[in-house]
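Before any comments, here is the structure.
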Amino acid sequence: MTDRYNIHSQLEHLQSKYIGTGHADTSKWEWLVNQHRDSYCSYMGHFDLLNYFSIAENESKARVRFNLMEKMLQPCGPPADKPDDA
């Protein structure tokens, strides 16, 4: 029983420390937004991958970086309407 509590408390600590790990109330849209933003950040952080995208799109590296930053604003579109609980 103590092992289960310990694992649960460690999971709660990770979820409070890192946004992308989610929690029980994370919606599908929030999870997808986190995944897309993490991917775009990884693309911008890896120089060779950014070079690959710039060659494939026939754009400059700065333009590709700018486009990725633009996509990070709302990568999955606007959030879905939440039904009122009241």
Exercise. For F66 and R63, run side chain to side chain contact (heavy atoms under 4.5 Å, CB included): C-alpha distance rounded to whole Å, both residues' side-chain angles, the deciding distance at 0.1 Å, then the answer.
Key: CA-CA 5 Å; F66 176 77; R63 174 56 65 180; 3.4 Å; yes

Exercise. Using atom types as modelled and distance alone, determine if a side-chain donor or acceptor of R37 lies under 3.5 Å from a backbone N or O of L32.
Key: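 Checked: no pair found.
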
How long is the straight-line distance from [atom2] of [Y] back to [atom1] of [X], given to the nearest 0.5 Å?
X   : Y   : atom1 : atom2 : answer
Y43 : D38 : OH    : CG    : 10.5 Å
L68 : M72 : CG    : CE    : 8.5 Å
W29 : N34 : CH2   : CG    : 9.0 Å

Quiz item: Among the clusters formed by ILVMFWY side chains lying less than 4.5 Å apart, do L49 and M44 turn up in the same one?
Solution: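 In one cluster: yes.
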
Self-check item: Verify same cluster id: M69, V64 (apolar side-chain graph, 4.5 Å)
Solution: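 Same cluster: M69 reaches V64 through Ile, Leu, Val, Met, Phe, Trp or Tyr contacts under 4.5 Å.
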
Practice problem: Specify the closest pair of heavy atoms between P75 and Y40, including all atoms of both residues, with the distance to one decimal. | Solution: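 P75 and Y40 have their closest heavy atoms at CB-CE1, 4.0 Å.
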
